Protein chains: 2
Amino acid sequence: MRKITIKDVARNAGVSIAAVSYVLNGKENKVSQDTIVRIHESIKELNYIPSITARGLVKNTSELIGVIIPQTEDHKQLVFENPFYSEMISAIEAVVREDGYHIILAGVDKGKTYLDISTSRNLDGAIIMGIYSEQLYEECKQANIPIVLIDSYVHDNEFTNVGIDDELGGYMATKHLIDNGHRNIGLVTGMIRKDGVVEKRFLGYKRALQEAGLFYNPDYVFENSVSYVHGRSSGALIAEKYPEITGVFATADMVAFGLIRGIKEAGKEVPEDISVIGFDDISMAHMFLPPLTTVKQQIFLKGETAAKLLIDQIRKKRGAKAHGKRTHIPLEIVERETVRNLRGD
Amino acid sequence: MRKITIKDVARNAGVSIAAVSYVLNGKENKVSQDTIVRIHESIKELNYIPSITARGLVKNTSELIGVIIPQTEDHKQLVFENPFYSEMISAIEAVVREDGYHIILAGVDKGKTYLDISTSRNLDGAIIMGIYSEQLYEECKQANIPIVLIDSYVHDNEFTNVGIDDELGGYMATKHLIDNGHRNIGLVTGMIRKDGVVEKRFLGYKRALQEAGLFYNPDYVFENSVSYVHGRSSGALIAEKYPEITGVFATADMVAFGLIRGIKEAGKEVPEDISVIGFDDISMAHMFLPPLTTVKQQIFLKGETAAKLLIDQIRKKRGAKAHGKRTHIPLEIVERETVRNLRGD
DNA sequence: CCTTTTGGGTTAAACGTTTAATTAAACTAT
DNA sequence: ATAGTTTAATTAAACGTTTAACCCAAAAGG
């Protein structure tokens with residue numbers, strides 16, 4: 001059966017197309033009460049659903065929001081190993097749905113660039129999670145739609161940022177270990193890239209050490225990828241070769257899980273022999289055994305905040321562009337069972 | 001700066017709009033070699049990117065694929081607690097991207113129904129995960145686009161199904177326990193609904209019991225939600241009140257995690273006192289401590305398969321509609337450390 | 001009673017494409 | 001040289017909306 005269009009409704013109600021469009025758009029001062037109800041009846045009767053596509057063409061909108069998330073190395077899959085992203089997406093979807101937007105999920109490929117997606121799809125806005133090449137940010141500017149960056153430290157007035165104070169987070173984690181009497185503290189982490197979130201956490205780690213008058217030992221930082229496997233091998237390594245290390249800060253919960261596994265495989269116990277503190281508080285953290293002590297970032301709130309800021313910006317399009325604003329979601333230590341208090345002994 | 005359209009390209013290349021469109025669509029027999037290159041040059045020069053929206057209007061396509069996933073009870077969030085879905089989505093996105101499609105992610109709300117989304121967005125196809133109300137399936141038929149259902153047992157020739165043999169899975173899990181010498185076997189599971197996946201697994205559980213000449217004891221099935229918390233409370237309950245139970249089949253890994261926690265909290269050990277087998281093999285299963293023995297379903301393959309089938313159907317639109325086909329992804333037990341062999345003793 | 005305003009409606013252009021129909025020129029074959 | 005065919009281009013309608021511009025009748029103001 002043919003698709004019903006505004007034309008059918010108009011005919012059915014015995015009015016012009018324009019009249020229908022006016023009531024669809026709530027411009028009710030243009031139409032008499034009588035016809036309004038007549039039109040509504042026809043809409044119901046015919047089960048008419050307007051085409052967002054057609055509307056988009058003339059209004060130059062799409063009611064679509066792009067969500068760009070990191071991909072695996074081979075550019076094949078979206079990086080969902082870390083549930084972190086899913087939780088955030090869930091939050092984003094929830095808020096944009098309220099305003100009739102949908103999210104389109106995409107990785108950015110070699111061939112199709114971000115700009116391609118944005119302009120060909122006529123995105124109304126985009127949320128970009130993670131860190132990418134300079135080129136991508138350039139493209140974003142050209143795309144000329146509201147964009148909010150999550151967990152990125154590019155400082156450009158074009159973009160709104162939401163994230164956490166990673167330096168503080170690193171500091172808090174390390175300090176928590178120190179406060180519990182640890183003095184030789186390892187750091188296991190992904191690649192420390194200039195202006196990346198892990199660099200900030202690393203900086204926080206160093207600050208806490210310094211503040212406590214502890215010596216920063218580069219040998220104690222195990223830098224590779226933010227992954228379970230890196231955690232696991234580092235755990236084994238630490239347990240076997242660094243008996244003096246009593247506490248380790250893993251810059252992501254996933255890493256912490258691997259770390260604990262590695263430590264146990266090497267015959268030591270957590271937290272009896274080695275304490276571990278993670279970062280993120282993904283939902284798995286409290287389910288893990290032993291339940292993971294970690295720096296909690298409110299993932300859901302983060303996604304929600306990003307989405308709200310984006311919607312705001314889309315709304316007042318040419319209004320006050322929220323220039324280079326950066327919102328920080330608060331952090332908090334959640335103590336569970338992987339950090340031992342050396343002081344109490 | 002204004003958006004560049006096909007018109008600009010045409011002007012720049014000194015040809016008609018139609019000519020440009022023809023080369024864009026590879027109908028190169030309609031255009032001379034000379035002009036083809038001239039047009040390509042203009043495209044490059046102006047950085048022209050075609051509007052999918054506009055094209056969609058005339059071709060009646062959107063190059064958009066809807067992915068419907070379950071929501072939390074309150075209909076607020078997408079159900080991402082279970083990483084299961086994220087993994088599948090990642091797979092789906094990967095394959096549809098190859099063909100230039102994007103996925104739009106949505107929960108189905110009270111207000112906006114599935115049909116609304118589908119027709120207003122002019123979806124080219126949809127993948128629906130999980131089980132919904134009759135009404136939704138009715139709407140789907142009316143929408144009249146290719147649809148593939150993942151993990152659903154609605155039998156209707158309109159839909160292509162991909163899933164696993166849940167009955168067999170339940171059987172395999174239970175049999176594995178039996179083969180390891182267990183005789184009193186608990187089942188902890190979500191609500192057993194007619195024609196739902198958990199019902200099938202439950203049926204498999206009973207079949208394995210029966211086949212082994214074991215008595216089916218309704219008291220041994222702990223039916224509630226597929227969630228960590230349900231697992232946890234059931235674990236405590238089993239450990240405390242059912243000393244005769246030595247093995248438990250949890251119908252989802254998430255549940256198994258909770259189960260193990262509950263058992264340990266009640267002072268018993270896994271697998272020494274009670275063995276546990278899960279279902280799914282989400283990536284967390286091998287990271288868990290102890291690593292979880294489970295029935296592995298190839299989640300990624302499942303998503304991939306669904307996506308491929310959908311694309312196929314979209315392609316040969318009016319061609320052979322893959323009528324009511326059901327594809328089963330193979331299952332396999334992966335033995336890790338939560339099932340104890342009682343026989344060897 | 002004439003002019004202006006207002007309410008309620010319609011017409012038609014525009015959004016950026018695709019594609020059927022048409023035309024014009026250049027070849028082919030006789 | 002003529003008719004027929006092929007090639008390469010253009011024109012214009014169509015897709016489903018929105019919205020500025022226009023129109024007319026009735027009400028309001030003077």
Side-chain angles (χ1 to χ4, degrees), chain A residues 1-40 42-43 46-64 100 116 118-124, chain B residues 1-40 42-43 46-64 100 116 118-124:
Chain A
M1 60 188 149
R2 245 189 61 269
K3 183 182 305 183
I4 8 186
T5 75
I6 197 174
K7 218 177 274 183
D8 301 307
V9 177
R11 189 172 330 110
N12 184 286
V15 298
S16 71
I17 287 181
V20 180
S21 176
Y22 286 136
V23 346
L24 248 31
N25 291 288
K27 300 203 182 7
E28 310 218 327
N29 57 324
K30 303 225 168 195
V31 186
S32 74
Q33 278 306 316
D34 280 6
T35 31
I36 288 181
V37 318
R38 203 140 37 85
I39 287 171
H40 274 132
S42 297
I43 290 177
L46 301 181
N47 244 309
Y48 166 67
I49 298 165
S51 157
I52 299 186
T53 313
R55 176 191 308 150
L57 232 205
V58 15
K59 300 236 268 192
N60 194 27
T61 61
S62 61
E63 278 151 56
L64 238 32
D116 285 329
S118 169
T119 81
S120 66
R121 291 268 178 213
N122 220 291
L123 299 184
D124 286 355
Chain B
M1 62 188 148
R2 243 188 66 267
K3 184 182 305 182
I4 354 188
T5 75
I6 197 174
K7 218 177 275 183
D8 302 307
V9 177
R11 189 170 334 109
N12 183 286
V15 298
S16 72
I17 287 181
V20 180
S21 176
Y22 285 136
V23 345
L24 246 31
N25 291 288
K27 301 202 182 4
E28 309 219 327
N29 56 326
K30 304 224 167 197
V31 185
S32 72
Q33 278 306 316
D34 279 7
T35 32
I36 288 181
V37 318
R38 204 139 36 86
I39 288 172
H40 274 132
S42 296
I43 290 177
L46 301 182
N47 243 307
Y48 167 67
I49 297 166
S51 157
I52 298 186
T53 312
R55 176 191 308 152
L57 233 204
V58 14
K59 300 236 268 191
N60 193 27
T61 60
S62 61
E63 278 153 56
L64 238 33
D116 286 329
S118 169
T119 82
S120 67
R121 291 266 179 217
N122 219 294
L123 298 185
D124 287 355

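Keep in mind it's a predicted model, so treat the numbers as computed, not measured. In what follows, chains carry the letters A, B, and so on, assigned in the order in which the sequence lines appear, proteins first and then strands, with residues in each chain numbered from 1.
- In this structure, the side chains of B:L64 and A:R121 come closer than 4.5 Å at one or more pairs of heavy atoms.
- Between A:I17 atom CD1 and C:dT10 atom C1' the separation is 11 Å, expressed in whole Å.
- In this structure, A:N60 atom CG and C:dT17 atom C1' are separated by 14 Å, rounded to whole Å.
- Regarding contacts with the backbone of C:dT18, a side-chain N or O of B:S21 is found under 4.0 angstrom from either OP1 or OP2.
- In this structure, B:I6 places its CD1 atom 6 Å from C1' of C:dT17, rounding to the nearest Å.
- One interatomic measurement links the two molecules: CG of A:N122 to P of C:dG16, which rounds to 9 Å at whole-angstrom precision.
- Comparing C:dT10, C:dT17, D:dT18 by their closest approach to the side chain of A:A18 singles out C:dT10.
- As a whole-Å value, the separation of A:I4 CD1 from D:dT17 P is 10 Å.
- A search for side-chain contact (heavy atoms from CB on, under 4.5 Å) contacts involving B:I17 returns B:I6, B:K7, B:A10, not counting sequence neighbours.
- Every residue two or more places apart in sequence or in another chain that forms a side-chain hydrogen bond (donor to acceptor under 3.5 Å, both in side chains) with A:S32 is listed here: A:T35.
- Between C:dT18, D:dG16, C:dG16, one nucleotide has an atom nearer to the side chain of B:K59 than all others, and that is C:dT18.
- For B:L57, the listed nucleotide lying nearest its side chain is D:dG16; candidates were D:dT18, C:dA20, D:dG16.
- Every pair tested for salt bridge (Lys or Arg N to Asp or Glu O under 4.0 Å) that includes a residue from residues 18-34 of chain B fails, sequence neighbours excluded, so the list is empty.
- Per the geometry, CG belonging to B:N25 stands 14 Å off C1' belonging to C:dA20, to the nearest Å.
- Pairs of residues two or more places apart, or lying in two chains, that qualify as salt bridge (Lys or Arg N to Asp or Glu O under 4.0 Å) and include a residue from residues 11-24 of chain A are A:D8-A:R11.
- Taken over five-pair windows at either terminus, the axes of the helix from C:dC1-D:dG30 to C:dT30-D:dA1 are inclined to one another by 50° (rounded to 10 degrees).
- Nearer to the 5' terminus of DNA chain D, by closest-nucleotide assignment, is the contact made by B:S16 (compared with the other of B:S16 and B:A54).
- With rounding to whole Å, A:L24 atom CG is found 11 Å from D:dT19 atom P.
- Residues from residues 27-38 of chain A with heavy atoms under 4.0 angstrom of DNA chain C, sorted by number: A:K30, A:V31, A:S32, A:T35.
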N/O contacts under 3.5 Å, protein versus nucleotides 26-28 of chain D?
none

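- Partners of A:L57 under the side-chain contact (heavy atoms from CB on, under 4.5 Å) rule, at least two apart in sequence or in another chain, are B:A54, B:L57.
- Considering every non-hydrogen atom in both B:N47 and B:I4, the closest pair reads O-CD1, 4.0 Å.
- At a threshold of 4.0 angstrom between heavy atoms, the contacts of B:I52 with the nucleic acid are absent.
- The listed nucleotides are D:dT18, C:dT10, C:dT17; the one nearest the side chain of B:V58 is C:dT17.
- Rounded to whole angstrom, the span from the CD1 atom of A:I39 across to the P atom of C:dG8 amounts to 13 Å.
- With sequence neighbours left out, A:N12 forms a side-chain contact (heavy atoms from CB on, under 4.5 Å) with A:S42, A:E45, A:L46.
- Considering only residues two or more places apart in sequence or on other chains, B:T53 meets the side-chain contact (heavy atoms from CB on, under 4.5 Å) condition with A:T53, A:N122, B:S51.
- Listed by chain and residue number, B:E63 satisfy the salt bridge (charged side-chain N to carboxylate O under 4.0 Å, His left out) test with B:R55 (two or more places apart in sequence, or in another chain).
- Under 4.0 angstrom from either OP1 or OP2 of D:dT17 there lies no side-chain N or O belonging to A:Y22.
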ask   = Which parts of nucleotides 23-28 of chain C does protein reach within less than 4.0 Å, heavy atoms only, written one letter per nucleotide 5' to 3' as B for base, S for sugar-phosphate only and - for none?
value = ------
